[in-house]
Amino acid sequence: MGLKEKHLLDMQGIAPEEIKLVLDTASSMKEILFRSIKKVPTLRGRTIANVFYEPSTRTRVSFELAAKYLSADCINISAAASSVVKGESLVDTARTLKAMGADVIVLRHPHSGAPYHLAKLVSACVINAGDGTHEHPTQALLDLFTVQEAKGELAALKIAIIGDILHSRVARSNIWGFTKMGATVRICGPTTMIPVAVERTGAHLYTRIEEALDGVDVVMMLRLQLERQQQGLFPSIREYTRLYSLDRQRLALAKPGALVMHPGPLNRGVEITSAVADSAQAVIDTQVTNGVAVRMALLYLLAGRFAGGEE
């Protein structure tokens with residue numbers, strides 16, 4: 001479901017022209033971040049509710065900053081400090097937010113599909129900030145924006161996404177986003193961490209990291225989700241690091257000047273070495289900055305057009 005339906009629930013349903021609109025708007029919004037006074041009155045009178053059922057630092061804080069920089073009122077609701085711990089359901093939380101007059105609801109939820117359910121219950125705009133192992137569309141948009149800034153265009157680029165593809169909502173959203181914009185996406189990881197029929201998304205599957213990295217423009221490393229280790233998806237962390245960690249020697253297989261990306265938080269010394277994470281090719285901090293600009297763009301495009309009954 002794309003921006004025309006006043007929600008951002010996934011990258012699979014967003015059109016390329018809508019992606020371009022977000023990226024172009026984010027470019028304008030980023031200028032605000034470097035002003036001495038980071039404040040514009042664009043969304044004064046609007047209310048943004050950040051509802052997070054899972055822990056988050058980067059995503060939640062960037063949405064909060066984005067709202068405040070646009071002069072919107074921002075409400076942060078954490079499941080651990082809300083009536084959710086008393087048994088309140090998502091339906092009841094939705095009704096409460098609706099009664100409070102929230103214009104935009106940013107939802108992170110451990111269950112895939114939760115944002116779709118919420119969108120049916122409220123008149124507010126809904127932004128998916130990560131649902132289960134399904135998608136994380138705003139992360140993909142900020143990644144697209146970061147690559148476009150550095151490379152000038154997205155079409156014809158080669159992107160390698162390495163790691164736990166199976167459990168990564170970031171990987172899914174980025175595969176849809178980059179392929180829609182004309183890039184070629186390669187994925188690589190342990191066979192136990194590759195989704196069934198993943199090639200249907202347009203991604204190209206590689207079994208060896210060296211082959212996946214050969215001649216690529218961008219290398220995106222995924223966090224090894226250590227909480228999954230108890231499921232026996234790979235023999236040991238040491239074995240995973242030996243086969244799939246990004247070090248200087250492997251990075252040299254990519255094109256000169258290839259970007260190194262990571263959605264964070266990093267497991268240093270596991271999926272990426274400190275030497276690579278702190279190198280000039282890494283744009284990990286830039287991703288964080290661009291996350292604020294992209295989320296400002298989304299709040300502006302959604303709350304500015306649809307909130308308060310305006311269309």
Side-chain angles (χ1 to χ4, degrees), residues 10-12 54 110-113 130-137 139-140 143-144 147 157-180 183-255 258-277 282 284:
D10 54 46
M11 290 298 293
Q12 185 176 1
E54 289 182 328
H111 295 152
S112 299
D131 63 325
T133 58
H134 175 232
E135 280 212 40
H136 193 350
Q139 179 69 45
D143 290 340
L144 288 164
V147 173
L157 293 180
K158 295 178 182 178
I159 317 294
I161 304 178
I162 313 294
D164 183 1
I165 309 294
L166 179 63
H167 301 106
S168 177
R169 53 197 176 201
V170 172
R172 283 175 176 78
S173 288
N174 270 296
I175 290 171
W176 288 117
F178 278 107
T179 53
K180 283 176 184 285
T184 299
V185 178
R186 303 175 179 180
I187 59 172
C188 180
T191 54
T192 52
M193 293 182 172
I194 301 296
V196 176
V198 69
E199 291 94 337
R200 294 178 184 175
T201 64
H204 301 268
L205 177 61
Y206 288 75
T207 56
R208 296 182 63 250
I209 187 173
E210 290 79 8
E211 294 175 349
L213 295 175
D214 184 29
V216 299
D217 301 280
V218 179
V219 183
M220 183 177 298
M221 302 304 296
L222 300 175
R223 179 178 72 89
L224 178 58
Q225 301 184 38
L226 299 177
E227 63 271 20
R228 310 287 183 181
Q229 171 60 12
Q230 60 186 6
Q231 298 180 11
L233 297 178
F234 53 90
S236 67
I237 295 177
R238 178 180 295 181
E239 181 75 359
Y240 181 91
T241 300
R242 184 178 70 84
L243 294 174
Y244 297 103
S245 179
L246 183 66
D247 55 21
R248 288 189 180 277
Q249 184 177 357
R250 284 174 170 159
L251 179 58
L253 298 172
K255 283 185 181 179
L259 303 182
V260 175
M261 307 180 76
H262 195 299
L266 287 72
N267 292 312
R268 288 176 178 266
V270 180
E271 70 264 7
I272 188 170
T273 65
S274 289
V276 173
I284 299 170

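This chain uses plain numbering: 1 for the first residue, then up along the sequence. For the numbers below, each heavy atom of this structure counts, side chains included, while hydrogens, waters and symmetry mates do not.
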Given the rule in the side chain to side chain contact (heavy atoms under 4.5 Å, CB included) test, do Leu243 and Ile209 qualify, once you have shown the distances and angles that lead to the verdict? CA-CA 7 Å; Leu243 294 174; Ile209 187 173; over 6 Å; no
Intermediate values then yes/no, side chain to side chain contact (heavy atoms under 4.5 Å, CB included), Ile237 and Val270: CA-CA 7 Å; Ile237 295 177; Val270 180; 3.9 Å; yes
d(His204 NE2, Ile175 CD1) to nearest 0.5 Å is 10.5 Å
Test of understanding: with salt bridge (Lys or Arg N to Asp or Glu O under 4.0 Å), list the residues that count as partners of Arg242, not counting sequence neighbours. Glu239
Counterpart residues, salt bridge (Lys or Arg N to Asp or Glu O under 4.0 Å), relative to Glu210 (two or more places apart): Arg208, Arg250
So, taking the atom named OG in Ser168 and the one named CE in Met193, what distance separates them when rounded to the nearest 0.5 Å? 11.0 Å
With Arg186, which residues qualify under side-chain contact (heavy atoms from CB on, under 4.5 Å), at least two apart? Lys158, Tyr206, Asp214, Val216
Give me the atom names and distance for the closest heavy-atom approach of Gly163 to Pro190. O-CD, 4.2 Å
Residue pair Thr241 / Gly269: nearest heavy atoms and the distance that separates them: CG2-O, 3.5 Å
Going from CG on Leu266 to CE on Met221, what distance comes out if it is rounded to the nearest 0.5 angstrom? 10.0 Å
What are the two closest non-hydrogen atoms of Pro195 and Ile165, and how far apart are they? CD-CG2, 3.6 Å
Decide yes or no for Arg223 and Pro265: does some side-chain heavy atom of the first lie under 4.5 Å from some side-chain heavy atom of the second? yes
Indicate yes or no for a side-chain donor-acceptor contact from Asp131 to the backbone of Gly113 under 3.5 Å, with no hydrogens or angles considered. yes
Would you find a donor on one side and an acceptor on the other, under 3.5 Å apart, between the side chain of Asp143 and the backbone of Val147? no
Heavy-atom nearest pair, Lys180 first then Met11, reads CE-O, 2.9 Å
Val260 versus Leu246: any side-chain heavy-atom pair under 4.5 Å? yes
Exam field: side chain Ser173 to backbone Val170, donor-acceptor pair closer than 3.5 Å: no
So, does Glu271 use its side chain to make a donor-acceptor pair with the main chain of Asn267 at under 3.5 Å? yes
Exercise: identify the closest heavy-atom pair between Arg268 and Ser274: NH1-OG, 3.2 Å
If you look at every heavy atom in His167 and Arg172, which pair is closest and at what distance? C-NH1, 4.3 Å
Could you give the distance from OG (Ser245) to CG (Leu224), rounded to the nearest 0.5 Å? 10.0 Å
To the nearest 0.5 Å, atom OG1 of Thr133 lies from atom CG of Asp164 at 10.0 Å
If I take atom CD1 from residue Ile159 and atom CE from residue Met220, how far apart are they, to the nearest 0.5 angstrom? 7.0 Å
Determine whether a donor-acceptor pair (N or O, by modelled atom type, separation under 3.5 Å) exists between the side chain of Lys255 and the backbone of Val218. no
